[in-house]
K.L.:
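I'd like to ask some things about the structure below.
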Amino acid sequence: MTEERQTATADDNQIFAERRAKLAELRKGGSAFPNDFRREHLAADLQAAHGAQSNEELEAAPVAACIAGRMLLKRVMGKASFATIQDMSGRMQLYVTNDGVGPELHDRFKHWDLGDILGVKGTLFRTRTGELTVKVTELRLLTKSLRPLPEKFHGLTDQEQKYRQRYVDLIVTEEARRTFTVRSKVIQAIRRFFVDRGYLEVETPMMHPIPGGASARPFATHHNALDMPLFLRIAPELYLKRLVVGGFEKVFEINRNFRNEGISTRHNPEFTMLEFYEAYQDYRHLMDFTEAMFREVATAVLGTTKVPYQGEIIDLGQPYARLTVVQAVRHYHSEITEAQLNDRAWLVAQLEKMGAKYKPADGLGGLQLTYFEETTESLLVQPTFIIDYPAEVSPLARRNDAQPEITDRFELFITGREIANGFSELNDPEDQAERFQEQVRQKDAGDHEAMHYDADYIRALEYGLPPTAGEGIGIDRLVMLLTDSPSIRDVILFPHMRPED
RNA sequence: GGGUGGUUAGCUCAGCCGGUAGAGCAGCGGACUUUUAAUCCGUUGGUCGCGAGUUCGAAUCUCGCACCACCUACCA
């Protein structure tokens, strides 16, 4: 009795038990998991090649079909049955009859389950209602599915199960398959864009002795043999610029970053970042370059630069607005004067009134930026570059020649979210050393996100980094935009989840 | 981290003022050789998220916990 209790798990339901019994029967009949079936066609290829032919044409010149896939629908009508199978390309209807495969096999087929994986041979015909269908002459059960699929009409609606059991989501949700196909094509298109322009794709370390290149808290790990701490990277920036020092003057990397921060619809602990660096360019070039990239990627993947997102049309084709922090605030809040935005006391009073978090030690630029983030950032729905960031929040960016308190830097906002961050790189090793020291002071003062002093990076700059422009683009957020996905979890195959139970 | 909502059969969901569990799909048995979420007849299947409490009696009311979603806060 206690044993029965222990095995009576949620999986031990009637359907599961019946399917296991069916598998046990299959085992008695020889190999229950045969792997000698070779398919010759994909469903979509057959649809593309023969979808336009009439039934008369298909009868006059029979077309052989040999396909495999997972059975998703089944309609048994006595001596004949219809079924729908799905492979990586799409779906195909099957017509299984006593005439075609014999009554004995057809009777066995009637007991196969939705979710089972079949191998099929036959010829193509068109049904009364015009659907291209395989009239089956050979039929094999290749893999028995023990677990029932979600309800066939509603599909998988439980968000948690979609994320935890993405394999089920992909089986039953066309939209999920499309999202991740688009994601793959976006990355392909980006890679092609860079390779076509003479960039070298590189891979830099994921485990850093000193986490750097961004303001963020890292994940810590430990190397046993060396008995030393290591950190999962928060950004590849400092390594990529070392490569520019080394003479790889145009490099890019598409890879994962890890940040030990909160999880939300816009944040996953690991996320994919594109970073690229080009010598002898500046941040203004990067803005033109980014616009060109987004247009080319959207056109390659979606066939248009007008992208629907959550009920709005985002136009990636028009020239993107370019505003300073102050200009952007004034553009969206015409009642605010430039004098107010340049008044430290006024900014502090406003931020206090909004209950916004700000660093009291911040200079005017830092306060302006915080005020911008609080009041204006979410309004930047159409692509907008915000330029001229204060130096105090940009420890790796080059100072503006005319105004040394700001940097030659921009961030690109679309749908109210930061999508990209780029700047002319700081290549003055002495200025960089001072900025690292300032970061260390902030870290010592309790800022967990402040940077460390990276002595080897300074040493690299001392060999000479050519004037360089560099940028990072959040790939997950770009894919959210291009797939009209409201949550970052919809564009990450296996988003981070708390453990079950 | 804060707020709101949710958790009932394998799946999608009902379940009123507290009276002891329902439907559709899937499954099982039967009819049916051009169906399209096939149809028709019959039928199996439940730790009502977990734990306390109130009550003669809790899926239902109260409290706590867990997980999920959404909003919000930081970061990209």
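This one's a predicted model, so the numbers in the text were calculated from it and none came from an experiment. Lettering follows sequence order; numbering is per chain, from 1.
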K.L.:
Are A:E275 and A:Y277 linked by a side-chain donor-acceptor pair shorter than 3.5 Å?
P.N.:
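Present: a donor and an acceptor within the cut-off.
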K.L.:
Only pairs with both distances under 3.5 Å count, Watson-Crick or wobble alike; so what is the partner of B:U39 in this structure?
P.N.:
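Its partner is B:A31 (Watson-Crick or G-U wobble, both distances under 3.5 Å).
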K.L.:
Using both distances under 3.5 Å as the test, list the Watson-Crick or G-U wobble partner of B:G1, or none.
P.N.:
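Partner of B:G1: B:U72.
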K.L.:
Could you verify whether a donor N or O on one side chain and an acceptor N or O on the other, from A:E203 and A:N255, lie under 3.5 Å apart?
P.N.:
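Not at all, the side chains of A:E203 and A:N255 share no donor-acceptor pair under 3.5 Å.
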K.L.:
Is there a donor-acceptor pair closer than 3.5 Å between any side-chain N or O of A:T384 and the backbone N or O of A:Q382?
P.N.:
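The answer is yes, because a donor-acceptor pair under 3.5 Å joins these two groups.
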K.L.:
Please tell me whether A:Q93 and A:R75 have a donor and an acceptor in their side chains that are separated by less than 3.5 angstrom.
P.N.:
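Short answer, yes.
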K.L.:
Using a cut-off of strictly less than 4.0 Å, decide whether A:K74 has a side-chain nitrogen or oxygen near OP1 or OP2 of B:U35.
P.N.:
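Checking A:K74 against B:U35: no side-chain N or O falls below 4.0 Å of OP1 or OP2.
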K.L.:
In whole angstrom, give the distance that lies between atom CG of A:D169 and atom P of B:A69.
P.N.:
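It works out to 13 Å between those atoms.
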K.L.:
From the set B:A38, B:U35, B:C28, return the single nucleotide nearest to any side-chain atom of A:D113.
P.N.:
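Between B:A38, B:U35, B:C28, the one nearest the side chain of A:D113 would be B:C28.
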K.L.:
Which nucleotide in the set B:U34, B:U12, B:C74 lies at the smallest distance from any side-chain heavy atom of A:K135?
P.N.:
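Within the option list, the nearest is B:U34.
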K.L.:
When you measure from the side-chain N and O atoms of A:R489 to the phosphate of B:A69, is any distance below 4.0 Å, counting only OP1 and OP2?
P.N.:
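Yes, within the criterion.
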K.L.:
With a 4.0 Å limit, can you tell me whether A:R75 has a side-chain N or O closer than that to the phosphate oxygens OP1/OP2 of B:U35?
P.N.:
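The answer is no; no side-chain N or O of A:R75 sits under 4.0 Å from OP1 or OP2.
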K.L.:
For A:Q310 and B:C70, what is the distance between atoms CD and P respectively, to the nearest whole Å?
P.N.:
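Whole-Å distance recorded here is 11 Å.
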K.L.:
Of the options B:C32, B:G45, B:C70, whose atoms approach the side-chain atoms of A:Q14 most closely?
P.N.:
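From the listed options, B:G45 comes nearest.
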K.L.:
Determine which nucleotide pairs with B:C48, using a 3.5 Å limit on both distances of a Watson-Crick or G-U wobble pair.
P.N.:
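Checking every strand shown, B:C48 finds no partner, since no pair has both distances under 3.5 Å.
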K.L.:
With both distances kept under 3.5 Å, what pairs with B:G53, Watson-Crick or G-U wobble?
P.N.:
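Pairing partner: B:C61.
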K.L.:
Within less than 4.0 Å of OP1 or OP2 of B:U12, is there a side-chain N or O belonging to A:T157?
P.N.:
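For A:T157, the contact criterion (side-chain N or O under 4.0 Å from OP1 or OP2 of B:U12) is met.
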K.L.:
Looking at A:R164, does any N or O in its side chain come under 4.0 Å of the phosphate oxygens OP1/OP2 on B:C68?
P.N.:
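Yes.
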K.L.:
Would you say A:H111 places a side-chain N or O within less than 4.0 Å of OP1 or OP2 belonging to B:G29?
P.N.:
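Yes, such a contact exists.
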K.L.:
What distance separates A:Y320 OH from A:F385 CZ, expressed to the nearest 0.5 Å?
P.N.:
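So the gap between those two atoms works out to 7.0 Å.
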K.L.:
Starting the side chain at C-beta, find the nucleotide from B:A38, B:G24, B:C67 nearest to A:K152.
P.N.:
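Given the options B:A38, B:G24, B:C67, the side chain of A:K152 is closest to B:A38.
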